[in-house]
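A short write-up of the structure that comes next.
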Number of protein chains: 2
Amino acid sequence: MDTQRTGPRARTGAVEPGAGRSRGRDVPPATVARLPGYVRVLRSLSQDGVVTTSSEELAAGAGVTPAQLRKDLSFLGSYGRRGVGYDVVHLSEQISVALGLTTQRRVVIVGIGNLGHALASYSVFAERGFAVVGLIDADPAVVGTTVAGLVVQPSSALSDVVSAADATIGIIATPAAVAQDVCTALVAAGVVGILTFAPRALRVPPHVDLRAVDVASELQILAFHDHRRTGTGA
Amino acid sequence: MDTQRTGPRARTGAVEPGAGRSRGRDVPPATVARLPGYVRVLRSLSQDGVVTTSSEELAAGAGVTPAQLRKDLSFLGSYGRRGVGYDVVHLSEQISVALGLTTQRRVVIVGIGNLGHALASYSVFAERGFAVVGLIDADPAVVGTTVAGLVVQPSSALSDVVSAADATIGIIATPAAVAQDVCTALVAAGVVGILTFAPRALRVPPHVDLRAVDVASELQILAFHDHRRTGTGA
DNA sequence: TAGATTGTTAATCGATTAACAATC
DNA sequence: TAGATTGTTAATCGATTAACAATC
């Protein structure tokens, strides 16, 4: 699907680090988008008992080139040793700090249909530092049911749920028709990041970061290449 | 999540159209990725009875700038009229032809856990030209159950299911640990496009197009901006 | 030391934006 | 015609790649 960036995309290029940490340089959006993949590989290597790695090994695991990996890391600092490589645990920690993964973020999910249900139950979120703290749905038949240990709340409770749990991220898994209203409500409730699965462009104020996943669009992009290769469909 | 492109990404830039149709020019990957969004907006406008639109209106609906929209369309041909705008139905058809959406593509889903179940039941796929024709799972407790009108088949049947239904696209919704094996099996069975939700880099041969959605990575990217804004987590 | 591998620089490449001539 | 809006060109910008000096 489609990965749409708004909010920070409006900035001219890179993203300003916080309090002069790292190397004081900005981190380009394309680099930020690859950092989670590096952390994932490093944690996997660490679990396998690997102590030191190289840009070649790490890049292969993440599906990028060694040059790109080193370039990406250079925006964060100098965490390797020439002639030696990278300490797996240390590099993992440094990237995690840069990404802000040392604090657990709280997430609310709006729209507990098939997809919302799957996301609420997705164990990888917890493994990677996120806590699902609230579920919201507009359907009275769904409200009150328990999903993944949480009782689904009505739409009217959205603001209270976000506030009470101090959630900073909202996931929209509703039908497209109501996605903008949900988005607006989430922003009003105070979230600063939104991940939407609804197939519709959403508008958010500049201080809110929006990412969009459109699985049907992803298939259509695959169809384009299928089409080009096989010549069907024209 | 993360949108990873392999296969065609290896080409130097743009994508060769099929038999000299459109304008004979290549379509850049970034443009291809936006075309589904334009079709979505055009179909919505059409349903609302709108006959003619402008680059301004269409771009607003898709969340891009008018200049970018016109630039994107210029790779497909000249389908507008200066001073007037675009015929909604005609432009929608032209982009659909370029994307190869005039032929229905057949999709198999591997991994019928929470996410696979949600995808199998996702009505938007059918609305946008895809038919889910096979469901595969490795769990004997899941095999034989009916999901979205299809009986889940065992892993051993993967190749037969792909062949019998002539599926060209595979969706991987399995745990990360088995994703590469499933990917390899799908390629061997003959699919030419793969959409994976497993948080792991996958390798495919050059003729296969791979797109990857990693929802946990998407949240981590949001966390980065949250972190930069609030200063927490360092 | 010699070999290995990083971090950085410079060059290339692709994508976006702005402006405007073409033309309906 | 006058006004509107496209399609395209040129300029800018950001991302990627390659090469290599630095240095462990």
Side-chain angles (χ1 to χ4, degrees), chain A residues 2-6 8-16 22-35 38 51-60 62-88 90-91 94-95, chain B residues 2-6 8-16 22-35 38 51-60 62-88 90-91 94-95:
Chain A
D2 222 301
T3 295
Q4 171 189 336
R5 294 189 66 255
T6 318
R9 180 180 54 178
R11 301 186 189 190
T12 315
V15 179
E16 172 79 28
S22 297
R23 291 281 284 269
R25 278 178 264 152
D26 295 350
V27 184
T31 294
V32 172
R34 283 187 293 267
L35 295 179
Y38 302 154
V51 174
T52 301
T53 189
S54 63
S55 63
E56 189 177 350
E57 181 180 48
L58 185 46
V64 301
T65 65
Q68 183 159 71
L69 174 98
R70 294 200 301 275
K71 182 70 170 159
D72 284 339
L73 295 184
S74 76
F75 290 107
L76 305 183
S78 299
Y79 299 127
R81 280 175 45 189
R82 295 172 196 233
V84 178
Y86 302 92
D87 181 276
V88 170
H90 182 245
L91 181 59
Q94 293 303 320
I95 303 178
Chain B
D2 220 301
T3 295
Q4 170 189 332
R5 293 190 65 257
T6 317
R9 181 180 55 179
R11 301 187 191 192
T12 315
V15 179
E16 173 79 28
S22 296
R23 289 283 283 270
R25 278 178 264 154
D26 295 351
V27 184
T31 294
V32 173
R34 282 187 292 266
L35 294 180
Y38 302 154
V51 173
T52 301
T53 187
S54 63
S55 63
E56 188 177 350
E57 181 179 48
L58 185 46
V64 303
T65 65
Q68 183 160 71
L69 174 98
R70 293 200 303 274
K71 181 70 170 160
D72 283 339
L73 295 184
S74 76
F75 291 107
L76 305 182
S78 299
Y79 299 127
R81 282 179 40 192
R82 296 172 197 235
V84 179
Y86 303 91
D87 180 277
V88 170
H90 182 244
L91 182 58
Q94 293 303 321
I95 302 178

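These figures come from a predicted structure and were not determined experimentally. The basis for the numbers below is simple: all heavy atoms, side chains too, and nothing from hydrogens, waters or symmetry mates.
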**OP:** First locate atom OG of B/Ser55, then atom CD of B/Gln68, and finally report the distance between them rounded to the nearest 0.5 Å.
**Re:** 12.0 Å
Original post:
Can you tell if the side chain of B/Leu73 reaches within under 4.5 Å of the side chain of B/Ile95, non-hydrogen atoms only?
Top reply: yes
**OP:** Please list every stem that involves DNA chain C, where a stem is a run of 3 or more consecutive Watson-Crick or G-U wobble pairs with both pairing distances under 3.5 Å.
**Re:** C:3-24 with D:3-24
Subject >> Minimum-distance nucleotide to B/Ser78 side chain [options: D/dA18, D/dG7, C/dA18] >> reply: D/dG7
Subject >> side-chain contact (heavy atoms from CB on, under 4.5 Å) evaluation trace for A/Gln94 with A/Leu76 >> reply: CA-CA 8 Å; A/Gln94 293 303 320; A/Leu76 305 183; over 6 Å; no
Original post:
Hey, which of these two, A/Asp72 or A/Arg81, hits DNA chain D nearer its 5' end, going by closest nucleotide?
Top reply: A/Asp72
Subject >> Base C/dT23 to side chain B/Arg82, donor-acceptor N/O within 3.5 Å cut-off >> reply: no
Original post:
Within less than 4.0 Å of OP1 or OP2 of C/dC24, is there a side-chain N or O belonging to B/Tyr86?
Top reply: no
Original post:
How close or far is atom P of D/dA18 from atom CG of A/Leu69, stated in whole angstroms?
Top reply: 15 Å
**OP:** Please work out if A/Ala30 contacts a base, only the sugar-phosphate, or nothing of the nucleic acid, heavy-atom cut-off 4.0 Å.
**Re:** sugar-phosphate
Subject >> Point-to-point distance, once rounded to the nearest 0.5 Å, from OG1 of B/Thr53 to CG of B/Leu69 >> reply: 9.0 Å
**OP:** Check the distance between C/dT6's C1' and A/His90's NE2 and give it to me in whole angstrom.
**Re:** 15 Å
Original post:
Is the shortest heavy-atom distance from the side chain of B/Asp87 to the side chain of B/Val51 under 4.5 Å?
Top reply: yes
Original post:
At under 4.0 Å between heavy atoms, what does A/Arg70 touch on the DNA or RNA strands: base, sugar-phosphate, or nothing?
Top reply: base
Subject >> Length of the NZ-P vector between B/Lys71 and C/dA18, whole Å >> reply: 14 Å
**OP:** Using atom CG of B/Asp26 as one end and atom P of C/dA15 as the other, report the distance to the nearest whole Å.
**Re:** 11 Å
Subject >> Separation of C/dG7 C1' from A/Gln68 CD (nearest whole Å) >> reply: 15 Å
Original post:
Rounded to the nearest 0.5 Å, how far does OG1 of B/Thr65 lie from CZ of B/Arg70?
Top reply: 8.5 Å
Subject >> Pairwise distance CG(A/Asp26) to OG1(A/Thr31) - rounded to 0.5 angstrom >> reply: 11.0 Å
Subject >> Atom pair distance, as rounded to whole Å: CD in A/Glu57 and C1' in C/dA4 >> reply: 15 Å
Subject >> N or O in side chain of B/Ser55 less than 4.0 angstrom from D/dT6 OP1/OP2 >> reply: yes
Original post:
When the distance from CG of A/Leu58 to C1' of C/dT5 is rounded to whole Å, what number comes out?
Top reply: 13 Å
**OP:** Measure the distance from CG on B/Leu91 to P on D/dT5 and round it to the nearest whole Å.
**Re:** 16 Å
